[in-house]
**Q** 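Dropping a structure here in structure tokens format, bear with me for questions.
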Amino acid sequence: MHTVEDYIFWSYSVLTVTRVMMECEKAGRNHPYSGGRTKASNIVMSKYQNKIFNISNLDRDDALAQMAAPICAHCGDTASAYQLDHLIPRSKIKNDYIGLNQVISCSRCNASRGNKDLMEWYRQNMSFPSLGVLRRYLKLCYFYAKQRGYLNLPVEEALLSGIPFDPRKFPEKFPPVKVLIWDYAYLGAQSRGP
Ligand SMILES: [Zn+2]
């Protein structure tokens, strides 16, 4: 039986490890995880569980969002008119306000997603979010669940209680580092499909 927190911590741990691997690759250094990404993620996860690591607040994401270029956060498209897409669907949170829940989106991604669960939509598109978007989404889900007492519930119970995202859809495995994007908004102008 897994709790909401288990799902968030696992995905966030793989993200943490993947981010380090990405940085090392960019700098032309070997990454420190000779035992592989899964093993390293297990070690990192136990640190989140034991509160040696903590999921950081959204201040940094806020600062990055302020500086972001007007590029679709989902596909990197620069050509279309921009809309705002809610990472946790607005229809599921009703009148709850969640700061930083909106990302810039092209009209095509926004229309295609509708009010689908973020990760379900990516999966349907056989695509994977940029790590910047995934990090922000996991943090939003974590703090939302924490504030409302969902974190330690078994996931099925949380879903029955109306949690507005599906923790079972958080990515458990990530694609190889070389095909991942950190954040479309910092790549400069370019256009690429999902
Ligand atoms: Zn798009």
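We count residues from 1, following the sequence as given. Read the numbers this way: they start at 1 and go in the same order the structure lists the ligands and their atoms. Both backbone and side-chain heavy atoms feed into the values below; hydrogens, waters and symmetry mates do not. Quantities reported herein were computed from a predicted structural model and do not represent experimental measurements.
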**Q** Please report the shortest heavy-atom distance between Phe174 and Arg37, naming the atom on each side.
**A**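 Closest approach of Phe174 to Arg37, heavy atoms only: O-NH2, 3.2 Å.
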**Q** Give the minimum heavy-atom separation between Tyr137 and Leu118, together with the two atoms involved.
**A**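 Answer, listing the atom of Tyr137 first, then Leu118: CG-CD2, 3.5 Å.
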**Q** State whether Glu23 and Lys26 are salt-bridged, where the test is any N-O pair (Lys NZ or Arg NE/NH1/NH2 against Asp/Glu carboxylate O) under 4.0 Å.
**A**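 A salt bridge links Glu23 with Lys26.
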**Q** Mind reading off the angle at the Zn ion (ligand 1) between the SG atom of Cys72 and the SG atom of Cys75, rounded to 10°?
**A**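 Vertex the Zn ion (ligand 1), arms to SG of Cys72 and SG of Cys75: 110°.
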**Q** Is the distance from the Zn ion (ligand 1) to some N, O or S atom of His74 under 2.8 Å?
**A**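 No N, O or S atom of His74 is closer than 2.8 Å to the Zn ion (ligand 1), so no.
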**Q** Only to 10 degrees, please: what angle do the SG atom of Cys106 and the SG atom of Cys109 make about the Zn ion (ligand 1)?
**A**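 Vertex the Zn ion (ligand 1), arms to SG of Cys109 and SG of Cys106: 100°.
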**Q** Which word best sums up how the rings of Phe170 and Phe165 line up, parallel for under 30°, tilted for 30 to 60°, or perpendicular for over 60°?
**A**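 Judged by the thresholds at 30° and 60°, the geometry between Phe170 and Phe165 is parallel.
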